[in-house]
Amino acid sequence: MKNRGIAYFSAEFGLDETLPIYSGGLGILAGDHIKAAADMNVPLTGVGIFYGKGYFQQRIDEGGRQQHLYPEVNLEASVYPVQLVMDHNNQPLLIEVPLIGRKIFANAWAVQVGSITVYLLHTDIESNSETDRRLTDTLYPSNQDLRISQEILLGIGGTRLLAALGIEPEVWHMNEGHCVFLTLERIRVLSAQGLPFETALETVKASTVFTTHTPVPAGHDVFSIEMMDRYFGDYYWQLGADRERVLSLGRMDGAFNMTRFAVSTSSKVNGVSKLHGEVTRELFHRWMPHIPKQDIPVDSITNGIHIETWLAAGMKELFDRHLPSDWTSRTTDPKVWAAVRDIPSSELWEEHLRAKSVMSEELGLPISSTSRIPLVIGFARRFATYKRALLIFSDPQRLARILGDPERPVSLIFAGKAHPADAPGQNMIRQIVELSREDRFKGRVHIVENYAMDKAKKLVQGVDVWLNTPTKPMEASGTSGQKAAVNGVLGCSVLDGWWAEGYNGRNGWAIEGKVDGDHDTQVKQDSEALYRLLEEEIVPRYYNQNEQSLPMEWVDLMKESICTLAPAFNTHRMINDYWNKVYVPAMARGKRFASDHFEVASRVAAYKQFVRNNWSGVRVSKVDIVTDNHSGRIGLHKTTFRTEIELGPIWHKDVRVEAVGSDGREGIWKVKLEPVQQSSKGKFVYEGATFDTSINFWKANVNVRVTPISPDFESNFELELAAWGFH
Ligand SMILES: *Cc1c(COP(=O)(O)O)cnc(C)c1O
């Protein structure tokens, strides 16, 4: 098992603040995925890049300008054991990667996380030219050539590294699209063994799975065709396919889209929350408009957090005392968490206050020094514009009134980095610094420099309310609110990402501005909803304290929040989902496709080619609807669909024929039709009936669809083909 299992590729890993090779949520998720897999003995190997200078360290100068510092990362400071990977001769293992006619070399650092190894490729070694040595300096360079070179190193180099280590993964998990070139390298290897391209592609696809994280089209990596030709010009032919075929796997709007490419080369695709799954189906529907968005084969697995990483030490001790003794290995069991309700409220509150004062001390916040300790609201995450850090300042006067009440003071803490090339993001930081200096906000609005895992831990453990105000639906999942929740910090968030699933009306607050109108209207509605929550719910409840200064109602909310959110939004539940829904099926599929000299893979490849070549001849020539009101029984109302189909040389058992229409809400209805007659060669009559009277079969709403199917397909739309006819 050791040398098989699952390969998990990610451009960033947020394991610990001592290893700053992550920029935000994506990396933190990857780090938590690794830790939970280690807890659960899932056989997994991580592959990433060791960025010698990491993501930048942030300073904010007097003028509120973000400064970027790039100190060398010191691997010896890592809390996880890190070792240079050696070859058989006890020399540093070197991986060779082709890059536009030259070769670059990479060594690999092995980070040990319990039973799991994460391998990190690095090019700052003597065998490389000075330019190539700088390739792995920093994360997410804006320069496109650097970007594609890093992605070639990760995908192709990572695959070569695993081969050099004798690791033959059964499943390849691509965490976001930066690593997708791994599929090309695996096809190249199979091609070199004599496999035709299409068979190699099917083999690779069967064992590859893809998690997408970006709901915005602009967030996906896109390279120009010219660039692809420059980097892959003498690679295409090694795949046994022509250039056009290779490019077709990722071609979109005249360029090469890495997400499109990932979808073409994997058998399972998932988004990271239910809502994000829907948004992704809608996005992909634009790429395949002939497939209704409800049928786009994208699943969702909602993100979680690694509880032991994010839970305050004191809170953990409290849980150790009051929860079942094996609670850390039963984190997905709601019964285990129900015990939180029986923790004496005073103990839970004291523990929270302790975390609050630790935060204020370690982050140097002047909170406990004021006469009355304020209600503290935290907002910390990357300063990306869609996260709308400034939303709460929409009406500064109203906010100043909320914060400045001497009887019921409220403080706001901000933290976060903006990408070095993100001018609007950096501008938000400057505006917050300027606002924090205005008299009305002085001492009430704070900004913490250099947000990273260490600061994040203190904040999610120590504030009272965790604020999240993204433009819906742009937050794919979000995880910082989950870290806050397990610590008893109450969430106040737009109903986006995971919060749309987590919020139950009693475990925090939902900012429910109406979701219509342009950007400015949206901001107005959401900020109005936020102010109302602050004025009418959050502040009054927090300051409703008994003689012992205990806010009983608030602590009940904390308990409700922990009990309902912790069991669902942790990485143990998430890894279970990946294991059952993704890894196990992909393992079986990969094995089946490759066995008996790739028999299934070559059959599927041949079948797909045959269908593709003949699909243009498939036609729905006629659609009839017969409504029968004379069944003799009241309420029974039979509707029959009759249609004529031309299939050409395609066998009628290789297609599915359905009547399909909108149900007038968010869904679609489908009625399966069966062949009842062959009128001539390749021409069939199909018929089917339904007694469902809830559907309104008005004429324009009835369409007939023909799709190619195969028991070997992972989904009914694997070929992305459909022929339609209308009544
Ligand atoms: C958790 C975390 C994030 C992700 O937070 P979101 O709520 O998903 O934006 C980003 N950065 C750091 C340092 C984190 O710990």
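When reading the values below, keep in mind they use all heavy atoms of this one structure, side chains included, and skip hydrogens, waters and symmetry mates. Remember, it's a predicted structure, so these values are computed and weren't measured experimentally.
Side-chain contact check for His68 versus Gln58: every heavy-atom pair is 4.5 Å or farther apart. Ser273 places none of its side-chain heavy atoms less than 4.5 Å from the side chain of Asn303. Looking at heavy atoms from C-beta onward, Leu283 lies in side-chain contact with His220 at the 4.5 angstrom threshold. Looking only at side-chain heavy atoms (C-beta outward), Leu275 and Lys472 come within less than 4.5 Å of each other. Using a 4.5 Å heavy-atom cutoff, the side chains of Leu139 and Lys53 are not in contact.
Between Leu120 atom CG and Phe13 atom CZ the span is 7.0 Å, to the nearest 0.5 Å. Taking CG of Leu557 as the start and CZ of Arg506 as the end, the distance is 10.5 Å to the nearest 0.5 Å. Taking CG from Asp464 and CG from Leu375, the interatomic distance works out to 5.0 Å, rounded to the nearest 0.5 Å. Rounded to the nearest 0.5 angstrom, Arg398 CZ and Leu534 CG are separated by 9.0 Å. For the atom pair CG (Leu435) and CG (Leu390), the distance works out to 7.0 Å, reported to the nearest 0.5 Å.
For Tyr8 and His33, the gap between ring centers is short of 6.0 Å. Here the two rings, on Phe319 and Trp327, have centers that are under 6.0 Å apart. For His178 and Phe9, the distance between ring centers is not under 6.0 angstrom. Tyr543 has its ring centre no less than 6.0 Å from the ring centre of Trp554.
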Passes salt bridge (Lys or Arg N to Asp or Glu O under 4.0 Å), Lys316 versus Asp320? Steps please. CA-CA 6 Å; Lys316 178 169 188 302; Asp320 285 343; 3.3 Å; yes
Full working for side chain to side chain donor-acceptor pair (under 3.5 Å) between Glu475 and His276: CA-CA 8 Å; Glu475 190 63 272; His276 179 234; over 6 Å; no
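Between Arg401 and Glu535 there is no salt bridge, since no side-chain N of the basic residue sits under 4.0 Å from a carboxylate O of the acidic one. Contact check on Lys458 versus Asp454 returns no salt bridge, with no Lys/Arg side-chain nitrogen under 4.0 Å from an Asp/Glu carboxylate oxygen. Checked for salt-bridge contact, Lys581 and Asp299 meet the test: a charged N lies under 4.0 Å from a carboxylate O. Salt-bridge annotation for Glu317 and Arg354: absent, with no side-chain N of the basic residue lying under 4.0 Å from a carboxylate O of the acidic one. A salt bridge between Glu537 and Arg541 is present, with a side-chain N of the basic residue lying under 4.0 Å from a carboxylate O of the acidic one. Looking at Arg573 and Asp577, a side-chain N of the basic residue comes within less than 4.0 Å of a carboxylate O on the acidic one, giving a salt bridge. Between Lys457 and Glu17 there is a salt bridge, with a side-chain nitrogen of the basic residue lying less than 4.0 Å from a carboxylate oxygen of the acidic one. Taking the charged nitrogens against the carboxylate oxygens, Asp526 and Arg388 do have a contact shorter than 4.0 Å, which makes a salt bridge. Classification of Glu449 and Lys455 as a salt-bridged pair fails, no side-chain N sitting under 4.0 Å from a carboxylate O.
Just one of Leu490, Ile377, Leu459 meets the side-chain contact (heavy atoms from CB on, under 4.5 Å) condition when paired with Trp466; it is Leu459. Each of Tyr140, Tyr51, Tyr55 was evaluated against Glu12; a single residue qualifies, Tyr140, per the side chain to side chain donor-acceptor pair (under 3.5 Å) test.
Thr571 contributes a side-chain N or O that, together with a main-chain N or O of Ile305, makes up a donor-acceptor pair within less than 3.5 Å. The main-chain N or O of Thr18 is found under 3.5 Å from a side-chain atom of Asp16 such that the two form a donor-acceptor pair.
Here the shortest heavy-atom pairing between Ile6 and His173 reads CG2-CB, 4.3 Å.
Within a 6.0 Å sphere centred on CD of Glu666, heavy atoms belonging to other residues, nucleotides or ligands number 12 at most. Other residues, nucleotides and ligands place no more than 12 heavy atoms under 6.0 Å from the CZ atom of Arg532.
Note: Tyr583 and Trp579 have perpendicular aromatic rings, judged against thresholds of 30 and 60 degrees for the angle between ring planes.
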